[in-house]
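Below you'll find the structure, written out as structure tokens, and then a few comments.
Naming: A, B, ... by sequence-line order, numbering from 1 per chain. Any value given below was found using the heavy atoms of this structure, including those in side chains, with hydrogens, waters and symmetry copies removed.
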Amino acid sequence: MEVGREMFIIEHLPALVIAIPLLAAFIAPLLKRFGKHAVSVWSILNLSIVECLVIVLGYRVIKDGIQSYAIGASIPSLLSPNGLPVRIILEVDAISSFMGLTSISIILLACIYSACFMKKYKSVERYYSLLLLMAAGIMGMAFTGDMFNMFVFLEVLSISSAGLIAFYAYKGEAIEAAFKYLVISSISALMVLFAIALLYGQYGLLNIAALGAAFRFTILDKIALALLVSAFVMKCGAVPLHMWVADAYGEAPAPISASLVVASQISLYALFRICFTLFGLLPAIQIIAWFIILFGLASMFVGVTMAMPQKDIKRLMAYHAISQTGYMLLGVGVGLAVINDINALNAFGIAAMEGGIFHIINHAMYKGLLFLVAGAIIYRTGTKNLNEMGGLGNRMPITAVLFLIGMLSITGLPPFNGFASKLIIYESVFLFNPILSVVAMIVSILTLASFVKVFYSAFTGQEQSKYKDVKEIPAIMLVPLLILAFLIILFGLFPGIILKLLVKPAVQALLDRAGYIGVVV
Amino acid sequence: MIEIVYKIGMVPVIAVLGIVLGLLYNGIDRKLAARMQSRVGPPIIQPFIDIKKLLMKESIVPRHAIKWLFNLMPVLALSASLLTLLYIPFCGIGPAFEGYGDLVLVLYLLVLPPLAITLGAFASGSHYATIGAQREMVTMISYELPLAIAIVSVAWLLSMANPSLPVFSLSVISNNPIWNFTTPLSFLGLLIIFIALLLVIPGELGKTPFDVAEAETEIAEGVFAEYSGRNLALFYLANAVRTIAIASLIIAIFLPWNLSTFFNFSYLSLLFDALFFLIKLFVIIFISSVFIRVIVPRLRITQVVSTYWFYTTLIALLGMLLIWIGCCLKG
Amino acid sequence: MKKIADTGNEQNSFTFCVGPVHPALKEPLQFTFKIEGERVKKVDFMLSHVHRGIEWMGTRRNPIQIIYLAERICGICNISHPFAFCRAVESVAGIEVPPRAEYIRTINAELERIHSHLLWAGIAAHELGFDSVLHYILKARERVLDIIEYITGNRITKGIMMIGGVRRDISKKQYRKIIEAMEYYKKQVKKISDILLKDHVVKARTINTGILSKADAIKLCAVGPTARASGVKRDVRQDEPYAAYKYLDVEAITPATIGKETRGDVYDRTLVRLAEIRQSVNIIVECLKSMPEGKIAYEDKIPKLLAELKSVEGEGIGRHEAPRGEVLHYIKLIGNETLFSWKVRAPTYANLLSWVPMLLGAQIADIPIIAASTDPCLSCTNRAVITKHGKHVVIDHEALHELSVKKTLALRKVKHD
Amino acid sequence: MIVIAKELVKQLLKKPFTNLFPAKYAPKSIKQFLRDAKEGKVKLNPPVVVPPNFRGKIEYDEKKCIRCKLCTRVCPAKALEYVEKENIIKYHLFRCAFCGQCVDVCPTGALKLTKEFLLAGYKKD
Amino acid sequence: MDVKAFNRSLWVFHVNTGSCNGCDIEIIAALTPRYDVERFGIKLVGTPRHADVLLVTGPVTREMAKKLKRIYDQVPDPKAVMVVGNCGSTGGVFYESYNLVGPVDKIIPVDVYVPGCPPRPEAIIQGVIKLWEKLEDKRRGKC
Ligand code: SF4
Ligand code: SF4
Ligand code: SF4
Ligand code: SF4
Ligand code: SF4
Ligand code: SF4
Ligand code: SF4
Ligand code: SF4
């Protein structure tokens, strides 16, 4: 019995990580009468469980290879040996568990942080349930093996995110930002839906793996590809479709901004999945790759230059998020560009992808940290305006150090994790085209300058008399920050181990088209 | 095992050597500048005396300063400078640490001291220091562009010649003198890149004409305005070590030859290599720091930016272009 | 003394104080700037840090003592003040200065101009962060200081002026040395001009920096090289020749007279000053050639002179073209051993206001060189300290004028007593 | 740039213009150095030669003085003071402006200009 | 304390408290090629924080007295003060002015006086020698 239950859990792992947060989200409001704390504890608990499950799942993926799961089948892990799968299928390979792990960790930490940060607001149960819903959406997107499901989870994610962005409903800007986000999301959702329709119309298939196997590369396929790429580029907030990012990140509560980072990254994942698994063999993928590289470059550059003049600390960080997304696009884009040239792929393509993928988790960590630090400053000073801060370094030294860690990491200075991934990107990308590396390096330096400015405005300079009584933030809020900082340094000091454990399998999975398809077909 | 012990043993040796040489070259720099200005100038060991004196002076922390940051940054600046040195082939001995991508690592480590200076200046809470710090940042951004282009071009040249080499490794670069892989055209390109890098050095070191961040007559020593005593000494040491580090970096990339590869001095070769290295160091520092410093006035910050972002970048790009054409013609 | 000029909005700007003790300012003076980015949006400056009440002290000393006091109004122009003062006394007392003394005065005044302009050029180079040139120029300057020491007995405070003449003659033996030095300067000034006027980087820093238009120069009463560089052809030596200038033909130097375009910027001020060094060299050589023999003072017995002056009544004015422009001394004697009133208007004082149009819109980096370009030396410009019960009181224009009128009336009254 | 570069290189190759008073560099111990100088073990470099008629410290010869007090009347700095009790003219070195006017005015030559100008001290008089 | 190193690396901050510029330009002359005090390790610095020696010229006007005091306090210990010129040591020709609160030693302690109006650069150098002697005496007991 004991063993059986264990087996049961393991067998149903992929479904559980989606189902638990989904269920928890619906239960959360009911707990309201046990007090605010009950809701937050409930959320933290559930997310922790999911975290553990994702780790176990990831372990299994590494050990046993791709995990698939057909919802509702008697033995869900087994698929019909022949013919087409009719059921909804979840398929977990290394890259999806990588994404799942990254996302859920950040959301969990954001949730812990929220326990204190959101205490003073009334309808926190709504907040937590939306957060859980968001987690469910992200998990779904990461683990789904089916185009239509991806659309569904994307919608779940969008709606919950919009709700969270609009959380400060008393502020007009928040509503406006949420509205903007919703419009963008709907447009991209429509595009995704249309693309799915195009594909379904031709092949009668929704399953990604099956579709990948059946491809004939028609004109319609190419249109579908274009639609999907634009939709996900928009959702991940890359230039030139980045206009929603600053508003959304800026107006959302700080832990949500941190979570939105991973929410955007999951769209990035969807983009990669589609490009590699679905369209990897398409000859025209080169063009798409170049587009991705160009979007990446533009994001890097525009993001950082837009960030420079910002006065609002969170908008500023939002622009940096755009800029950092550029690195991931650049790395993976270069990999995609040489996907059909085995020599180049081995020489630098794989390395570039490793850099890009590694950057995803690094970015999630330091951007998460930075947003949470920004939240901490806002929490204590009550303002987002950099010009109104000043001299906090004496009052909040730990926060200041944490900010410094985040800052050095995002600019890619050793020994922090940003350096590790950026280094790989520079070194590989330059073989593709040296100018790319130059741009990447310069953007890092500009990022540094911009963050130094933030540091100056917030922590040094004239101390404002109104902040004389400002204290360090409470311990509960510090815990997630310290964990992130610890991870950042850990990843920075031992990038080799992380690469081997997490990143390389993920990249291999992305490249292993046949493997992914083979599980289903 | 023995190698690890040897390497760890090298760390303090190189650190001390770096500091001593840094101060010595600083002394030579001052002496030469003075002699060019028809003065006797301070004795060559003057920087040592200065440091000794600073170390026994009181270190004042201004009232408005963020104390921990203010005191931490000089330490950071010095340790980053020393760390940089450990990654660079130095004095005929290979780098104490080396590894994958250390060229980029070194470039980043070189960013740290100016960053420390900036943060320290911000932390001191004085107006002059703040303006100086902003200028320091702007200067850094400016020279970083041509620097990046130059370094990437070098690596590119090498990787086009032998694609299998891990070109972002300093020991690889210095073991494969890049000039060996050039065609006439790419030789010219490389030369141009070399010149661009020499122009970057005074900016990196905050020497006239790019010393906008410390401009004495404008902003009263700017970034260092509030520093005194031990903290100031640490910044001075950091700067001295950094001078050596940057010059050694240039040598490792462009002038990596050792005498022992041409002549055989048997066991004396280490000594001769070290001497030869010191001469190369002197030449690089003399051209890029001493000489430029005495023949031009300080620029405005806007002119610093345009010098680097426009002129020097253009030079570097031209070099890159020539290298590219040169390699294409060959390959 | 306070002057505020304002442009632009208040946002995004911060206040930046320079001084009163600042490395770029060798003398105390407080600037307050409103800075946006690196640009100056607002200038305000405050003097009076070195007010020593010299005019007041003058009313309790005899004219001979005042010569040395006037010398210490400023250590740089220390021929100019005694010169103007002596001329004022001479004009009141109707003293005739012997021609040889006129020539010696002129030579000394021009030597001072050479040393002062060279000093300026060196300091200007230093403000530009060009220390090699500072050393280069100041090395050259030592030669003229040697000459000055040789003929007056001190490098800086010459102590050569005397009411009715000069204190020391220039001997034939000294001629040769002076001529040699002048030959040296002819060569050296050419090199310095090449360095300061042809160097691209220096030009990039000085051309179009700190522009003072001709109209502004006239409106703000600028004098000396500051005005001349803006095209105002004004020079006491030309407009109202005195001393040996009467016998020479001195023309005010503006960029136009050297055939250059007039912009009124720092570059032009450099140009004019360097040309004036050449002019001074020529004047000295000319003077040495045509100097007549004869007495060097109207009266060498000081007690006698003092006694004579004690009986003089009346007001007089003495003018002189100092290196920085016209210096003007007004005195009033009422038959006492001491002066009744003494007023000094020094050139830097007249030039101060031109800072405002020059500095507005400039970059922080240019503040030192612009401020230095008028060759300010504030020791003579600190008019008054207004304190009431130890506090600062600011007097506005009307009130100040009223006070002035009162004072002038009071001065007039005494005359009729 | 080229002119100054040429000049500077020329100066680099020439002997510096500096007058090496009192020694080229700062001695390690000034006391030791001065002692050695006194014993003639090291040579002090002399300052730049001053011209005849240099206006240095004033020398007062009590014997020649006729107490006419003219000097006190012209002195701009009150550096000469007639001391009633001792019936001499007292010279305050730290007030003197070194103008030499008193020497010019003295009818008997009791006041003389000297070439002494290295006068630094710890106390005023 | 190692007075030998201290003596051979004196960094100087110059304050003008109302001088006539005469002494100031002789100080500049002392820095330039003819006299070049940098050969003794002496260097003019831009902020009192870096200074070891305060070089004061001028008779201290009312306005400058507070500032002089403040600057003196900003100089980190150990420090020394040298007055150049007679108007700084006694008021010199300005002895009777109503706007003077000096001389300098009324405001801050002075170690060495250099008389002259202005003193020649060599005299200033000799003042430095006196200062060295004094520092050597003063510190010998302590270390
Ligand atoms: S204004 Fe000048 S001359 Fe007149 S008393 Fe003041 S400092 Fe002396
Ligand atoms: S009127 Fe003014 S300037 Fe003249 S003595 Fe009186 S206070 Fe001084
Ligand atoms: S303008 Fe005044 S302060 Fe300047 S040098 Fe002439 S007299 Fe002296
Ligand atoms: S008249 Fe007097 S108050 Fe009016 S502007 Fe002239 S100086 Fe000032
Ligand atoms: S009106 Fe009288 S007080 Fe006013 S400026 Fe003329 S003379 Fe002087
Ligand atoms: S030299 Fe001048 S100041 Fe000195 S005592 Fe003689 S008259 Fe007085
Ligand atoms: S002027 Fe000469 S004689 Fe007369 S009191 Fe003075 S020192 Fe004596
Ligand atoms: S001592 Fe004489 S030269 Fe020096 S500042 Fe005073 S008055 Fe001027």
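Residue Leu44(D) holds its CG atom at 7.5 Å from CD1 of Ile129(E), rounded to the nearest 0.5 Å. Atom CZ in Arg120(E) sits 9.0 Å away from atom CG in Leu118(D) (nearest 0.5 Å). Here the straight-line distance linking atom OG1 of Thr90(E) with atom CG of Leu93(D) works out to 9.5 Å at 0.5 Å rounding. Once rounded to the nearest 0.5 Å, the distance linking CZ of Phe17(D) with CZ of Arg34(E) reads 4.5 Å.
Cation-pi geometry between Arg39(E) and Tyr25(D) is not met at under 6.0 angstrom from the ring centre and within 45 degrees of the axis.
Proximity to chain E (any heavy atom under 4.5 Å) is shown, for Pro16(D), by neither the backbone nor the side chain. At a 4.5 Å heavy-atom cutoff, the contact between Leu20(D) and chain E is made by backbone and side-chain atoms alike.
Chain D forms more heavy-atom pairs under 4.5 Å with one residue of Ala123(E), Gly41(E), Pro121(E), Pro33(E) than with any other, namely Pro33(E). Counting heavy-atom pairs under 4.5 Å between each of Ile125(E), Ile124(E), Val114(E) and chain D puts Ile125(E) at the top.
Closest non-hydrogen pair, Pro22(D) versus Phe40(E), comes out as CD-CZ, 3.8 Å. Minimum heavy-atom separation, Tyr35(E) to Thr18(D): O-CG2, 3.7 Å.
Considering only heavy atoms from C-beta on, Val112(E) comes within 4.5 Å of Tyr122(D) through its side chain. Put simply, the side chain of Asn86(E) does not reach to within 4.5 Å of the side chain of Arg95(D), judged on heavy atoms. Taking 4.5 Å as the limit, every side-chain heavy atom of Phe98(D) sits out of range of all side-chain heavy atoms of Pro118(E).
Counting heavy atoms of neighbouring residues, nucleotides and ligands inside a 6.0 Å radius, atom CD of Glu39(D) exceeds 12 of them.
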